[in-house]
Amino acid sequence: MASVANSQTTVLRTDRGLSIAGTRITLYDVMDYVTAGWPAHLIRDRLQLTDQQTGDVMAYIEANRAEVEREYHAVLQTAEENWRYWQERNQERSARIASSPPKPELAEKRARS
């Protein structure tokens, strides 16, 4: 098992949040699999991490569980809010498109087909 000291160099806080050094993978990506019950070796394989990275990340999560889970839930909430916003916006846009008359050049093409 990796030590917490090693995990401090593997896990960094970036503008994306808690991330694995040298990758674009966040701990929130890892938490998706942890909360789904995946074992560490399958998370390692899925995210293409080394044994060292996987051990360090799992040690960090365990040592800082409350903080990581708090941030993870905030990330999930933000993602849900973004999804709802775009769903609503796309529905409005689709409704506008469906209710607008076709452009004259398109109407002519359809008439000829």
Side-chain angles (χ1 to χ4, degrees):
M1 186 63 145
S3 74
V4 175
N6 286 345
S7 68
Q8 298 299 327
T9 58
T10 301
V11 177
L12 305 172
R13 183 165 298 281
T14 68
D15 59 340
R16 298 177 57 180
L18 293 170
S19 300
I20 301 173
T23 73
R24 296 185 54 135
I25 300 168
T26 66
L27 260 62
Y28 321 120
D29 296 323
V30 175
M31 285 297 291
D32 286 340
Y33 296 105
V34 169
T35 58
W38 285 41
H41 72 279
L42 291 180
I43 296 170
R44 177 200 64 212
D45 294 347
R46 178 69 170 195
L47 297 177
Q48 299 178 354
L49 299 172
T50 65
D51 289 335
Q52 182 71 44
Q53 288 170 318
T54 305
D56 289 351
V57 166
M58 299 309 263
Y60 184 92
I61 289 171
E62 203 51 46
N64 301 281
R65 190 72 172 205
E67 173 195 359
V68 172
E69 284 187 357
R70 189 172 40 256
E71 289 186 35
Y72 176 63
H73 289 293
V75 166
L76 291 178
Q77 183 171 352
T78 299
E80 177 69 21
E81 290 167 1
N82 287 339
W83 182 84
R84 283 190 192 131
Y85 169 81
W86 287 108
Q87 282 294 106
E88 184 178 309
R89 184 172 170 139
N90 287 338
Q91 285 176 343
E92 291 169 1
R93 183 166 167 73
S94 294
R96 262 195 331 269
I97 290 169
S99 66
S100 64
K103 294 180 180 178
E105 59 271 11
L106 292 177
E108 289 173 18
K109 280 184 180 179
R110 288 184 187 140
R112 285 185 263 164
S113 327

Cationic N near anionic O, under 4.0 Å, Glu71 to Arg65: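 Salt bridge absent between Glu71 and Arg65.
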Check: Glu62 side chain, Ala59 main-chain N or O, donor-acceptor pair, under 3.5 Å: no
Ser19 side chain vs Gly17 backbone, donor-acceptor pair below 3.5 Å: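 Yes; at least one donor-acceptor contact below 3.5 Å.
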Can you tell me how far the [atom1] atom of [X] sits from the [atom2] atom of [Y], to the nearest 0.5 Å?
| X | Y | atom1 | atom2 | result |
| --- | --- | --- | --- | --- |
| Asn64 | Arg70 | CG | CZ | 10.0 Å |
| Thr78 | Trp83 | OG1 | CH2 | 15.5 Å |
| Leu27 | Glu67 | CG | CD | 9.5 Å |
| Tyr28 | Leu76 | OH | CG | 10.5 Å |
| Thr9 | Tyr60 | OG1 | OH | 12.0 Å |
| Tyr33 | Ile43 | OH | CD1 | 8.5 Å |

Full working for side chain to side chain contact (heavy atoms under 4.5 Å, CB included) between Thr26 and Met31: CA-CA 9 Å; Thr26 66; Met31 285 297 291; over 6 Å; no
Stepwise side-chain hydrogen bond (donor to acceptor under 3.5 Å, both in side chains) test for Gln77 and Glu81: CA-CA 6 Å; Gln77 183 171 352; Glu81 290 167 1; 3.3 Å; yes
Matching residue for Val30 among Val11, Val68, Ile20 - test: side-chain contact (heavy atoms from CB on, under 4.5 Å): Ile20
Heavy-atom side-chain contact between Leu18 and Tyr72 under 4.5 Å: no
Summary of salt bridge (Lys or Arg N to Asp or Glu O under 4.0 Å) pairs that have at least one residue in residues 26-49, sequence neighbours excluded: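 Matches after skipping sequence neighbours: Arg44-Asp51.
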Residues, nucleotides or ligands: over 12 heavy atoms within 6.0 Å of Arg24 CZ: no
Whether over 12 other heavy atoms sit under 6.0 Å from Arg93 CZ: no
Shortest non-hydrogen separation from Ile25 to Thr23 and the atoms involved: N-OG1, 3.1 Å
Salt bridge (charged side-chain N to carboxylate O under 4.0 Å, His left out) between Glu80 and Arg84, intermediate numbers included: CA-CA 6 Å; Glu80 177 69 21; Arg84 283 190 192 131; 3.3 Å; yes
